[in-house]
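Taking it in order: structure first as structure tokens, then the write-up.
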Amino acid sequence: MASAVQLRVGGGVGVVVIDYPPVNALGADVRAGLLEALARCREDDSVLCVVLRGARGSFVAGADIREFGQPPKPPSAIEVFAAIENMNKPVVAVIEGVALGGGLELALVCHYRLAVAGARLGLPEIKLGLLPGAGGTQRLPRLVGFSVAAPMILGGEPISASEARDIGLIDALGEGDLIEQAMALANSLRSTDGRPPSIRDLVQHVEGARRDLATLDAALAALVKRGRNRRAAEAAAKAIRAAATEPFEEGLKRERALFLDLLNSPESKAQRYLFFAERTAGKVPPKAASVGPVDVQRAAIIGAGTMGGGIAMCFAAAGIPVTVIDRDDASVARGLGVVEANYRKTVERGGLSRAEMLARLALIRGATSWDDLGSADVIIEAVFEELPLKKEIFGRIDKVAKPGAVLATNTSTLDVDAIAAATARPESVVGMHFFSPAHIMRLLEIIDAKKTGPMALRTALMLGKKLGKTSVVVGVCDGFVGNRMALGRGAQTERLMQEGVLPRDIDRVSLAFGFAMGPCATGDLAGLDISWRIRKAKGRVAPIADWICEQGRFGQKTGKGYYRYEPGSRTPIPDPEVESFIRSRAKSLGHDPGAVGDEEIFDRLMLPMINEGARILEERVARCASDIDVIWANGYGWPVWRGGPMYYADQVGLRIVRDKLARYTAKLGDERLKPAALIETLVGSGRSFADLPPNDR
Ligand SMILES: NC(=O)c1ccc[n+]([C@@H]2O[C@H](COP(=O)([O-])OP(=O)(O)OC[C@H]3O[C@@H](n4cnc5c(N)ncnc54)[C@H](O)[C@@H]3O)[C@@H](O)[C@H]2O)c1
């Protein structure tokens with residue numbers, strides 16, 4: 001038998017263990033091993049019951065997605081699943097760790113399911129632009145009902161073992177001797193005809209859904225609307241509907257056809273690319289590979305403002321005690337007040353229990369004295385964005401932090417090398433650039449400065465993981481990767497407005513591409529005054545954006561910015577005051593408002609980002625193109641089903657990108673649009689960004 005699956009027979013039970021590192025994915029070896037183990041159990045009269053479980057404390061994390069896009073390797077999951085479902089002896093899935101995607105589908109063909117506390121169960125295929133293609137869309141609704149199954153399939157979020165028990169997805173919570181419990185379960189629930197029960201035969205929920213298809217359709221339509229990848233969401237909805245309207249076998253066929261269509265779709269390919277890109281980004285760079293991280297038991301944050309408070313919430317969620325320090329009692333109280341208000345809102349929305357809120361609040365301590373800094377394993381600075389202030393703070397931290405503590409700055413634009421130089425231990429200094437709101441946004445840019453040592457880098461990466469972030473290691477440059485590329489787009493946004501293009505047109509074109517928000521609405525949300533202040537400090541001018549700020553229009557916080565906002569609303573409403581200013585200014589400069597079409601608007605927003613991304617690669621600020629894509633997909637509302645700006649450029653073709661950039665450089669006389677040398681080189685050698693090996697940053 002293939003070593004990916006082991007069978008142990010004894011005491012009337014055949015224990016089948018899937019052992020396929022790292023995550024027990026359902027690869028071809030596992031499938032073949034399962035078939036063989038089942039055949040042996042079937043033939044062995046001493047086996048009365050089969051227990052299926054995963055090695056290393058986890059069931060099965062899903063299909064082996066490395067097989068996607070490859071010629072199919074027999075036996076198929078469908079074949080293996082049929083063998084389990086039709087088994088003449090009861091098969092019990094014992095779920096520890098995770099049962100996700102194909103793993104949960106495998107559990108659904110078993111006759112009984114046990115899961116231990118701490119296990120996570122779900123169908124996350126939608127996050128790869130797919131749907132569960134091995135019966136999940138047909139069996140889950142039959143077992144737990146359509147109104148529960150549909151959001152699980154279209155949302156893709158896993159649930160806990162106790163939630164799974166509450167909705168009937170598992171038969172019991174497992175504890176103690178799981179094999180014994182599994183056998184007892186199989187005996188107690190054995191159906192009267194002696195045949196083990198199959199989910200496929202359940203009719204109650206199907207009949208209910210059939211009686212009221214209108215309700216099902218409305219629920220599915222609402223879920224599709226929320227889906228990020230429309231195509232995958234629509235296909236998943238169709239498959240679920242088929243579970244209600246078609247006989248089981250027909251439903252399975254329909255699901256399969258829809259799955260195969262998605263598998264070949266450019267949207268899913270892009271999402272699968274990002275899945276691997278995130279794993280590549282999370283790898284420890286060679287520089288830090290030989291050291292272990294600092295074990296972070298206590299943390300401290302300096303600055304209890306917007307970012308400091310949000311970062312404190314990240315630590316509390318990870319169960320790490322954190323002290324938040326600010327200048328005076330009033331600032332501390334204000335900062336902690338915002339944190340508490342955030343928690344209360346989450347509790348009201350049902351996103352957190354009151355007990356959990358109190359437990360997290362108890363982990364966050366406010367202070368004005370620096371006494372706690374001496375015991376912190378990591379200190380994150382999040383004070384105002386002013387270099388002299390940050391240098392002064394790091395100079396002081398140096399005197400009180402314990403040896404080996406990691407000293408991180410959350411600066412978004414300042415030179416981390418200069419900040420590190422303010423200490424006598426620059427090797428302990430690293431940038432940890434969280435995004436706002438820090439407790440929600442997944443992206444973390446880790447800034448590996450010139451003198452950042454392996455230990456600090458390794459700890460920042462480990463911490464990113466503990467805090468549930470998607471980390472990307474980048475080098476020092478103005479704005480690091482994400483903001484630097486956004487700046488290129490921002491310059492064109494301003495320039496387009498000077499030519500009479502309205503904020504709503506710029507945003508409409510961005511939304512049509514799939515961005516969650518357009519750049520003007522995003523500016524209003526973030527606050528326009530921040531970049532205004534930076535422009536003034538750097539002697540830069542942006543006539544339209546400056547005028548907007550001079551009118552006191554700082555965005556949502558003042559009720560108006562590029563748009564206006566009704567009190568209490570975040571919906572941008574085009575404002576005639578701004579639009580007439582833009583139009584008349586454009587006319588006075590000799591432009592014809594309305595002359596720039598959507599295609600040009602799109603190109604001028606997109607191309608500068610790609611060009612800047614190429615320069616970032618040239619300068620080795622990012623390790624590889626896919627790291628840049630991970631940043632944009634996780635921190636900037638980039639549509640995941642389009643892969644990321646560098647992936648997108650590769651799909652368009654770098655020759656086309658280069659030619660367009662050259663054309664716009666000539667038309668606009670803007671040197672920043674001149675094709676980056678790297679793009680020229682790649683075009684010259686017929687390569688793409690994806691062909692570039694990771695550099696050794
Ligand atoms: N707001 C964002 O979107 C965002 C995103 C990423 C990074 N950042 C960066 O995070 C940092 C903080 O930004 P923010 O938006 O939270 O600012 P903020 O103004 O909301 O908070 C800054 C806090 O620092 C405190 N502070 C100032 N001097 C101090 C001192 N000497 N000792 C202790 N506390 C002091 C202030 O009282 C204030 O509470 C900046 O470097 C900023 O560039 C901000």
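From a predicted model like this one, the values you see are computed outputs, not experimental measurements. The chain is numbered in sequence order, starting from 1.
- Here the shortest heavy-atom pairing between Gln498 and Pro543 reads NE2-CD, 3.3 Å.
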Exercise. Passes salt bridge (Lys or Arg N to Asp or Glu O under 4.0 Å), Arg553 versus Glu577? Steps please.
Worked result: CA-CA 11 Å; Arg553 308 180 65 115; Glu577 194 184 318; 3.8 Å; yes

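- Rounding to the nearest 0.5 angstrom, the gap separating the OG atom in Ser531 from the NZ atom in Lys538 is 11.5 Å.
- Residues Ala318 and Leu467 share a closest heavy-atom pair of CB-CD2, 3.9 Å.
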Problem set entry | Working for side chain to side chain contact (heavy atoms under 4.5 Å, CB included), residues Leu617 and Leu692 | CA-CA 9 Å; Leu617 285 173; Leu692 289 170; 4.1 Å; yes

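- Using a cutoff of 4.0 Å between basic side-chain nitrogens and carboxylate oxygens, Lys667 and Glu600 are scored as salt-bridged.
- Ionic pairing of Asp505 and Arg508 is present here: one or more N-O contacts between side-chain nitrogen and carboxylate oxygen are shorter than 4.0 angstrom.
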For this session: Report the C-alpha distance between Thr681 and Ile679 in whole Å, list the side-chain angles of each, state the deciding distance to 0.1 Å, and finish with yes or no for side chain to side chain contact (heavy atoms under 4.5 Å, CB included).
Result: CA-CA 5 Å; Thr681 310; Ile679 296 183; over 6 Å; no

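- Side-chain atoms of Ile628 and Met485, non-hydrogen and from C-beta on, do get closer than 4.5 Å to each other.
- In summary, Lys536 and Asp546 do not engage in a salt bridge, as defined by a charged side-chain N under 4.0 Å from a carboxylate O.
- Between Leu387 and Ile419 the shortest side-chain heavy-atom distance falls below 4.5 Å.
- No donor-acceptor pair closer than 3.5 Å links the side chain of Asp592 to the backbone N or O of Ala595.
- In terms of modelled atom types and a separation under 3.5 Å, the side chain of Asp524 and the main chain of Tyr563 share a donor-acceptor contact.
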For this session: Give the intermediate values and the outcome of side-chain hydrogen bond (donor to acceptor under 3.5 Å, both in side chains) for residues Asp603 and Tyr664.
Result: CA-CA 9 Å; Asp603 283 347; Tyr664 285 115; 3.2 Å; yes

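- Side-chain contact annotation: Asp691 with Ser688, donor-acceptor N/O pair under 3.5 Å present.
- Crowding of Lys391 atom NZ: a count of heavy atoms from other residues, nucleotides or ligands under 6.0 Å not exceeding 12.
- Of all heavy-atom pairs spanning Leu487 and Arg540, the tightest one is CD2-NH1, 4.2 Å.
- Inter-residue side-chain proximity for Thr665 and Asp670 is flagged as unmet; no heavy-atom pair is nearer than 4.5 Å.
- Within 6.0 Å of NZ in Lys466 there are more than 12 heavy atoms belonging to other residues, nucleotides or ligands.
- Salt-bridge check for Lys560 with Asp575: failed, with every basic side-chain N at 4.0 Å or more from each acidic carboxylate O.
- Ion pairing of Lys450 with Asp415 is absent here, as no side-chain N (NZ or NE/NH1/NH2) approaches a carboxylate O to less than 4.0 Å.
- The closest donor-acceptor contact from the side chain of Asn695 to the backbone of Ala622 lies under 3.5 Å.
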For this session: Begin with the C-alpha distance, continue with both residues' side-chain angles, and end with the deciding distance and a verdict on salt bridge (Lys or Arg N to Asp or Glu O under 4.0 Å) for Lys469 and Glu445.
Result: CA-CA 10 Å; Lys469 301 295 174 193; Glu445 279 183 332; over 6 Å; no

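- For the residue pair Pro675 and Ala662, the shortest heavy atom distance occurs at CG-N, 4.0 Å.
- A donor-acceptor pair shorter than 3.5 Å cannot be found between the side chains of Tyr562 and Asp507.
- For NZ of Lys465, the number of neighbouring non-hydrogen atoms (other residues, nucleotides, ligands) closer than 6.0 Å is 12 at most.
- Smallest separation of non-hydrogen atoms from Ala449 and Asp417: CB-OD1, 3.2 Å.
- A donor and an acceptor atom, one from each side chain of Asn229 and Gln271, are located under 3.5 Å apart.
- For residues 420-432, every residue pair satisfying the salt bridge (Lys or Arg N to Asp or Glu O under 4.0 Å) rule, not counting sequence neighbours, is listed here: Asp398-Arg425.
- For Asp448 (side chain) and Val474 (main-chain N/O), no donor-acceptor pair under 3.5 Å exists by modelled atom type.
- When all heavy atoms of Ile616 and Phe480 are compared, the pair lying nearest together is CD1-O, 4.3 Å.
- Panel note: side chain Asn611, backbone Leu607; no donor-acceptor pair is recorded below 3.5 Å.
- For residues 635-651, the side-chain hydrogen bond (donor to acceptor under 3.5 Å, both in side chains) pairs, not counting sequence neighbours, are Asn483-Tyr636.
- No more than 12 heavy atoms of other residues, nucleotides or ligands lie within 6.0 Å of CZ in Arg672, so this atom counts as exposed by the packing criterion.
- The SG atom of Cys314 sits 8.0 Å away from atom NE2 of His439, with the distance rounded to the nearest 0.5 Å.
- Arg533 and Glu385 are not joined by a salt bridge, as no carboxylate oxygen comes within less than 4.0 angstrom of a charged side-chain nitrogen.
- Remark: Glu599 CD is loosely packed, at most 12 non-hydrogen atoms of other residues, nucleotides or ligands lying under 6.0 Å away.
- In this structure a side-chain-to-backbone donor-acceptor pair under 3.5 Å is missing from Ser268 to Ser265.
- Taking CZ of Arg442 as the reference point, atom OG1 of Thr470 lies at 3.5 Å (rounded to 0.5 Å).
- A side-chain donor-acceptor contact under 3.5 Å links Arg623 to the backbone of Ala281.
- Arg570 and Gln556 share a donor-acceptor pair across their side chains, judged by distance under 3.5 Å alone.
- Judged by the 6.0 Å and 45° rule, Arg279 forms a cation-pi pair with Phe275.
- Looking only at side-chain heavy atoms (C-beta outward), Leu461 and Pro293 stay at 4.5 Å or farther from each other.
- Within the 3.5 Å criterion, the main-chain N or O of Val429 finds a donor-acceptor partner in the side chain of Thr452.
- At a threshold of 4.0 Å, the pair Glu612-Arg615 counts as salt-bridged, since one of the basic side-chain nitrogens sits closer than that to a carboxylate oxygen.
- With Thr459 contributing its side chain and Val294 its backbone, the two residues share a donor-acceptor pair below 3.5 Å.
- Of the charged side-chain nitrogens involved, at least one lies within less than 4.0 Å of a carboxylate oxygen, so that Arg604 and Glu499 count as a salt-bridged pair.
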Problem set entry | Steps toward side chain to side chain contact (heavy atoms under 4.5 Å, CB included) verdict (Leu128, Tyr273) | CA-CA 9 Å; Leu128 295 180; Tyr273 156 81; over 6 Å; no

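- At distances below 3.5 Å, at least one donor-acceptor pair connects side-chain atoms of Arg495 with backbone N or O atoms of Leu668.
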Exercise. Hey, mind stepping through Met432 and Asn410 against side chain to side chain contact (heavy atoms under 4.5 Å, CB included) and telling me if it holds?
Worked result: CA-CA 5 Å; Met432 289 184 77; Asn410 182 46; 5.8 Å; no

